[in-house]
There are 2 protein chains.
Amino acid sequence: MAQRPTIKTIAKETGLSTATVSKALNASPQVRPRTRDKVLQAAKELGYELNISGVQLRTGKTYQIAMITVIASPDDDEWAGVGYTQLISGISRAIEHTPYRVVQHQVASFDDSFEVIKRIVQNKKADGIIISGTRANDPRISFMQEQDFPFVTYGTSDASAPHAFVDTDNRRIVTICVERLLSKGHRRIAMINAREELNYTQNRIEAYKAALSKAGQTFDPSLLAYGRLTPAFGREQLFEMSMFDEPPTAYICANEATAMGVLSGFQVRGMEHGRDAVVIATDDLNVSQYFSPPITTCYLPISKPSETLGKFMLDLIGGEDPINLQKLFVPDLIERGADTCNLERQ
Amino acid sequence: MAQRPTIKTIAKETGLSTATVSKALNASPQVRPRTRDKVLQAAKELGYELNISGVQLRTGKTYQIAMITVIASPDDDEWAGVGYTQLISGISRAIEHTPYRVVQHQVASFDDSFEVIKRIVQNKKADGIIISGTRANDPRISFMQEQDFPFVTYGTSDASAPHAFVDTDNRRIVTICVERLLSKGHRRIAMINAREELNYTQNRIEAYKAALSKAGQTFDPSLLAYGRLTPAFGREQLFEMSMFDEPPTAYICANEATAMGVLSGFQVRGMEHGRDAVVIATDDLNVSQYFSPPITTCYLPISKPSETLGKFMLDLIGGEDPINLQKLFVPDLIERGADTCNLERQ
DNA sequence: CATATAAAATTAAACGTTTATATTTTGAGT
DNA sequence: ACTCAAAATATAAACGTTTAATTTTATATG
């Protein structure tokens, strides 16, 4: 093969001008069907493929979707449940048959993520941005809104203007979990959360308080923990809380990595699941069925929200109004035990 | 802010031509230090940033590193230990302060991965390619070698010509594990492997056989299993093998997801780790310390090989000979128990 | 101080595409 | 057949960069 074919090659081949070829390839109404077919035919025969840098230079379109991932340090690679893999994987699947690609921009902190976003927006380095780890009052969101730059968030925010987002319905999850545990007789329910500044953590707390108050139960802030959702964190919290005068009889974990840590803590402390306390989690990898013992979870296959993330991004670039691109997924409750325990001591 | 500054802006600002500006920015020896400083100064003041599509169009350089990931289907998202996240994360870290970006190309099968690689190579859509899941006789590798396209593999191959690679020393791992188990008195040692066509699976089997034969033990092929390394697969294998007339007393798992599945099988079958059999695994997330019970593993933090992957890619693009870009990492054995069990029945 | 030479700068073209503007072709209406 | 508007196509410039070829400037040499 000599040179990679360009629209020039097609022009020469068909006897048309490059302008017409370009228009034909872009399905412009200015070119009549007959010539369009001729061009398409030639393009196919020559094995023509659009050179994106040409387009990019001329129009500014990049066909890149920037995915911002925040990973503090190598040791942050410690398993924290669903990683960005599954997220990116779902997005990739959604854009599979388009010319778009996912480009990962990894940063070490929230502040860095803001810097990177500024650069991407100002230098038009991507056609759209996807972020996760949204905060209650997220400056990145207001920035992108001001600059009128397309973005979708994985996670909600409390931004005044509406924006495209996908998330798990965390309020719902927590409500379901707390109500279930209350109905089983639990009165000391711990909740192990992600970092406090994340919007979804706030949502979970609100739902937790609301469910308790609806049942006439008092709220004890010492039963709430905040941190990075790793097994280590779960275990630490179990160690700490199980020493309380009135220890929790149930632990609601924000992900399965943390739940695994809590169970590991059980084993170290000689506690038994279902006798001394129970653990229930939010799960998007469906892995807690393999825990020893398996635990009850609110399960939402990560593939669903992540594919939607990609789809929303395409729609947004296509000009759709963000207000129509908002979705909360409701997980299924999968019971894997009675989740009662020796509650008579209360 | 008016327009994004280009070299033209700098040229106007400094009174030089765009050619000189370009050369100055690229540290060409054709421009004298004094003017270079002037240009750099102006660039800084103007907040100039290189427009990659311009470069790309002119030179063909893309500043993209293509990472090919094979994910068969959404349900493939099931946890299979270390995902691509950690891999991409390490690569990203290695190229952090360069203009390079990682672009993920997700495909559904091995064959598709080959197709994508062909397109990337032929249309020069990236400056280099990183692949994993290398096979014993991998056609993708020979293709990229023929086309003289820069690539690094995560995993070894048996290609005749040398190529850049990073991998865990799987022979070593298996040798260590088998010898350890033999010395503890185990005679029926099962090994749960990844798919048979993967080169590292072959390496593991060779090492397994060699270690047995060195100890004068016979090799029983029914103790070997091949499949996708998920918890489900591990559990299935435990169910199957534990029904043998002479069941294994030890299971060597190729990753921790599978090990978790085996342990889950123990619990279902009423078996007890350390009494009826033991499990040891290869681990790159350091998560098996949180299993109930924690198990002995060969641990290698995934951050190490993945960063090397990125570094090798840069070196390769920089013109380094692939023969100098090959590395096998040797994991640490972390003992988390005696790993003996009731062996008198043998 | 003229001259040869080396060093430093400039000019101009090119990469592949799109698009505003100009030109030609087509076909309908008389 | 002729006119004229509409439709289809062509021309040419531009996006930001690099680089071969060329010109200008500085430096060394006798």
Side-chain angles (χ1 to χ4, degrees), chain A residues 1-40 42-43 46-64 99-100 119 122-127, chain B residues 1-40 42-43 46-64 99-100 119 122-127:
Chain A
M1 174 187 347
Q3 267 299 77
R4 194 180 150 188
T6 70
I7 54 169
K8 238 181 202 159
T9 324
I10 300 180
K12 206 159 285 173
E13 191 72 16
T14 56
L16 293 161
S17 73
T18 58
T20 308
V21 171
S22 170
K23 283 176 191 159
L25 291 171
N26 290 300
S28 157
Q30 283 179 45
V31 38
R32 74 180 145 177
R34 195 147 46 102
T35 35
R36 190 154 76 87
D37 290 347
K38 199 161 62 174
V39 169
L40 259 41
L46 292 164
Y48 168 78
E49 191 154 350
L50 182 71
N51 181 326
I52 288 181
S53 39
V55 181
Q56 200 168 338
L57 191 53
R58 175 65 225 236
T59 66
K61 203 156 176 38
T62 66
Y63 290 105
Q64 292 192 3
Y100 290 90
R119 279 191 32 203
Q122 275 157 5
N123 296 317
K124 185 61 172 75
K125 283 185 171 314
D127 295 345
Chain B
M1 173 188 346
Q3 267 299 77
R4 193 180 151 189
T6 70
I7 55 169
K8 238 180 201 162
T9 325
I10 300 180
K12 205 159 285 173
E13 192 71 16
T14 56
L16 294 161
S17 72
T18 58
T20 309
V21 172
S22 171
K23 283 176 193 158
L25 291 171
N26 290 300
S28 156
Q30 284 179 45
V31 39
R32 76 180 143 171
R34 194 148 46 102
T35 35
R36 190 154 76 88
D37 290 348
K38 198 162 62 174
V39 169
L40 260 39
L46 291 164
Y48 168 78
E49 191 154 347
L50 181 70
N51 180 326
I52 287 180
S53 39
V55 181
Q56 199 168 337
L57 192 53
R58 175 64 224 238
T59 66
K61 204 154 176 37
T62 66
Y63 290 106
Q64 293 192 4
Y100 290 90
R119 279 191 34 203
Q122 275 158 3
N123 296 319
K124 184 64 171 73
K125 282 184 171 315
D127 295 346

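Each chain gets a letter, A, B and so on, in the order its sequence line appears, and its residues count up from 1. Keep in mind that what you see is a predicted model, and the values were worked out from it rather than measured.
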Item to check | Nearest-angstrom distance from the residue atom NZ of A:K61 to C1' of C:dT19 | outcome: 17 Å
Checklist outcome for this item: Which of B:N51, B:L25, B:L50, B:V39 passes side-chain contact (heavy atoms from CB on, under 4.5 Å) with B:I7? Answer is B:L25
Checklist outcome for this item: B:L46 meets the side-chain contact (heavy atoms from CB on, under 4.5 Å) criterion, sequence neighbours left out, with B:P5, B:T9, B:I10, B:E13
Next on the checklist: Run the side-chain hydrogen bond (donor to acceptor under 3.5 Å, both in side chains) test against B:R32 and tell me which residues pass, sequence neighbours left out.
Outcome noted: none
Checklist entry - Base, backbone or nothing for each nucleotide of nucleotides 8-16 of chain C, written B, S, -, heavy atoms under 4.0 angstrom, 5' to 3'? => result BSBB-BBBB
Checklist outcome for this item: Atom CG of B:N123 and atom P of C:dT17 are separated, to the nearest Å, by 11 Å
Next on the checklist: Tell me every residue that passes ring pair (Phe, Tyr, Trp, His ring centres under 6.0 Å) with B:Y48, counting only those two or more places apart in sequence or in another chain.
Outcome noted: none
Next on the checklist: Run the side-chain contact (heavy atoms from CB on, under 4.5 Å) test against B:A19 and tell me which residues pass, sequence neighbours left out.
Outcome noted: B:S17
Next on the checklist: Under the rule for salt bridge (charged side-chain N to carboxylate O under 4.0 Å, His left out), what residues qualify as partners of A:K125, not counting sequence neighbours?
Outcome noted: B:E49
Checklist outcome for this item: On DNA chain C, more 5' by nearest nucleotide between A:S22 and A:R34 is A:S22
Next on the checklist: How many whole angstroms separate atom OH of A:Y63 from atom P of C:dT17?
Outcome noted: 11 Å
Next on the checklist: Just the rounded figure in Å: distance from C1' of D:dA20 to CG of B:N26.
Outcome noted: 16 Å
